[in-house]
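Sequence positions, counted from 1, serve as the residue numbers for this chain. Here the structure is a predicted model, which means the values were calculated and not measured.
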Amino acid sequence: QVQLVESGGGLVQAGDSLTLSCAGSGRTFSVLAMGWFRQAPGKERECVAGISWSGSSTYYADSVKGRFTISRDNTKTTVSLRMDSLKPEDTGVYYCAADGRFGRSTAPTRIYEYDYWGQGTQVTVSA
């Protein structure tokens with residue numbers, strides 16, 4: 001069993017930066033790929049970033065490439081999402097998720113591939 005708790009969301013202006021953090025617990029955290037998803041009002045939940053269990057492989061949605069950076073620290077059992085040059089379209093609830101399979105070499109990008117989810121943290125970007 002893996003438990004995840006997100007933090008770091010808030011209200012910012014376009015062009016600002018935020019760093020989201022996900023604190024994980026459970027003995028399997030260090031061998032699971034992790035992902036960040038966001039859900040905007042009226043839209044489907046989408047994967048914006050993913051990272052393999054070792055941190056050697058990452059994924060970014062086209063909409064956030066060059067602006068967002070995902071990282072993990074398996075010693076501290078945390079995953080972070082650095083968000084730079086935020087845009088109003090980045091507004092939404094951001095969720096941290098853990099893979100349902102051990103040791104995947106690349107992070108999955110689909111909702112059904114993740115088994116564990118945090119409660120979400122709200123990010124609002126004003127124009």
Hey, what do you get for [atom1] ([X]) to [atom2] ([Y]), rounding to the nearest 0.5 Å?
{"X": "Ser80", "Y": "Glu6", "atom1": "OG", "atom2": "CD", "answer": "12.0 Å"}
{"X": "Leu18", "Y": "Asp90", "atom1": "CG", "atom2": "CG", "answer": "10.0 Å"}
{"X": "Arg82", "Y": "Leu20", "atom1": "CZ", "atom2": "CG", "answer": "10.5 Å"}
{"X": "Cys47", "Y": "Trp36", "atom1": "SG", "atom2": "CH2", "answer": "11.5 Å"}

Short side-chain donor-acceptor distance under 3.5 Å, Gln122 and Thr124: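 Distance-only check passes for Thr124 and Gln122.
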Side chains of Asp84 and Ser17 only: does a donor on one sit below 3.5 Å from an acceptor on the other?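 Short answer, yes.
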Of the options Asp115, Thr28, Thr77, Asp99, which is the one that meets Val2 in a side chain to side chain contact (heavy atoms under 4.5 Å, CB included)?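 Answer to the side chain to side chain contact (heavy atoms under 4.5 Å, CB included) test with Val2 among Asp115, Thr28, Thr77, Asp99: Thr28.
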For atom CD of Gln39, decide whether the heavy atoms of other residues, nucleotides or ligands shown that lie under 6.0 angstrom number more than 12.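 Check passes, neighbour count above 12.
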Is it the case that atom CD in Glu44 sees more than 12 heavy atoms from other parts of the structure closer than 6.0 Å?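 Open.
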Flag the pair Tyr60 / Ile70 as yes when at least one side-chain heavy-atom distance between them is below 4.5 Å, and no otherwise.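 The answer is yes; the side chains approach within 4.5 Å.
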For residues Ile111 and Phe37, determine if any side-chain heavy atom of one lies less than 4.5 Å from a side-chain heavy atom of the other.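 In short, these two side chains touch, coming nearer than 4.5 Å.
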Taking Ser63's backbone N and O only, do any of them form a donor-acceptor pair with Arg67's side chain (distance below 3.5 Å, no angle check)?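 Yes, because the side chain of Arg67 sits within donor-acceptor range (under 3.5 Å) of the backbone of Ser63.
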salt_bridge(Lys65, Asp62) N-O dist < 4.0 Å: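 Asp62 and Lys65: salt-bridged.
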Would you say the ring centroid of Trp53 lies under 6.0 angstrom from that of Phe29?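 Ring centres of Phe29 and Trp53 not closer than 6.0 Å.
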